[in-house]
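All ligand and atom numbering here is 1-based and tracks the order in the structure. Values below: all heavy atoms of this structure, side chains included; hydrogens, waters and symmetry mates excluded.
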Amino acid sequence: VLTTLKEYYAPDSGKDVVKLLKKFGDRALILAGGSFVHGLAARDLLSNIEVLIDIQKLGMNAIKSGKRAIKIGAMTRLGDLEQFPEVQSSAALGAVKDALRYPPVQIRNVGTVGGNIAAACPYFDLSTAMMALGASVKAQGAKATREIELDEFFAGMFENTLKSTEFVTEILVPTAGPGCASAFLKLETNANDLAIVNAGVLVEIEDGICTTARVVLGGGVAETPVRSPTAEGELRGQRLGASVLAEAADAVEADIDPMSDHRASAKYRKAMAKVLTRRALEQALKRLN
Ligand SMILES: Cc1cc2nc3c(=O)[nH]c(=O)nc-3n(C[C@H](O)[C@H](O)[C@H](O)COP(=O)(O)OP(=O)(O)OC[C@H]3O[C@@H](n4cnc5c(N)ncnc54)[C@H](O)[C@@H]3O)c2cc1C
């Protein structure tokens, strides 16, 4: 379907990827699992692309638990992340486990974690969940490697803040303490559709009090997943009883400006964002108990 394609490269080092990005600029596109690239090409949205840079030979598909963070290679398949024992067992990684339930098995087998994040699609689920966990990406570029927090990574619909010669090598999820739990929920029209709204939350509780809260909404509430500092402020410093959760969930309204499209109206998205936030908070707390 990519009729404009002239050249295909499969480099085996990060340096060569950067060289190719530098050489071909806007005419080149990185190819990971190809599940999103295929959709863009089918919709004729890649008419400027003449060069594909396939990054499969770089490996980058290991998951390692470090002291500071869990390091997930950009080419890790969604299905392999789902099977990672800590994702299955840790309350803090609950949002990732929840988010990976939604993509069809065929997509979990080919789609990569790096591709999901780099696509910067506001309707994806893993990106919302990862942002709720305070994750960041490691980007390799022409001169250096740098870390970009997901809070700063999503720049707009299908736009990220990578420089033209940078690509993602790793996703870093900060290691969380024992009082930490997260959860994620998606509202969809059917099991194969993108999110109408999704919500990822993380809370940390010490001596019964919420010390850290992250609330992230996605799925058409804006052109990127967005944090809700107002909701987070309602949670921090509180004992998380039912009324605090309800107030925090209602507060997300202040931080989102949803779109209306064929999936749902802005008004419906706003109403559902509150419901999903409350239920995700309840789910995270359940995990802690
Ligand atoms: C039918 C269907 C259902 C889906 N359902 C869901 C769902 O329920 N929930 C959900 O979250 N997602 C869903 N997705 C999205 C899916 O998760 C993504 O398409 C997939 O993760 C993208 O990974 P990929 O390796 O295929 O990326 P590719 O298609 O290869 O690349 C995606 C984009 O990222 C760029 N890119 C890829 N890797 C890198 C890198 N390392 N550095 C820089 N740029 C890079 C590419 O150039 C491209 O622009 C669905 C997709 C389909 C087709």
- Which pairs, with at least one residue in residues 15-34 and sequence neighbours excluded, count as a ring pair (Phe, Tyr, Trp, His ring centres under 6.0 Å)? Tyr9-Phe24
- Query: Under the 4.5 Å side-chain heavy-atom rule for ILVMFWY, direct or indirect, which residues accompany Val110?
  - Reply: none
- Message: Any salt bridge linking Glu170 with Lys71? Criterion: basic side-chain nitrogen under 4.0 Å from a carboxylate oxygen.
- Response: no
- Message: With a 4.0 Å heavy-atom cut-off, what residues sit around ligand 1?
- Response: Leu29, Ile30, Leu31, Ala32, Gly33, Gly34, Ser35, Phe36, Val37, Ile55, Ala74, Leu78, Tyr102, Pro103, Pro104, Ile107, Gly111, Thr112, Gly115, Asn116, Ala118, Ala119, Phe124, Asp125, Leu126, Leu162, Phe167, Val168, Lys186
- Decide whether Ser136 and Glu149 meet the rule of one side-chain donor and one side-chain acceptor closer than 3.5 Å. no
- Within residues 148-207 or reaching into it, pairs that qualify as ring pair (Phe, Tyr, Trp, His ring centres under 6.0 Å) - sequence neighbours excluded: Phe36-Phe158, Tyr102-Phe184
- Using only heavy-atom distances, determine whether the side chains of Glu86 and Ser65 contain a donor-acceptor pair under 3.5 Å. yes
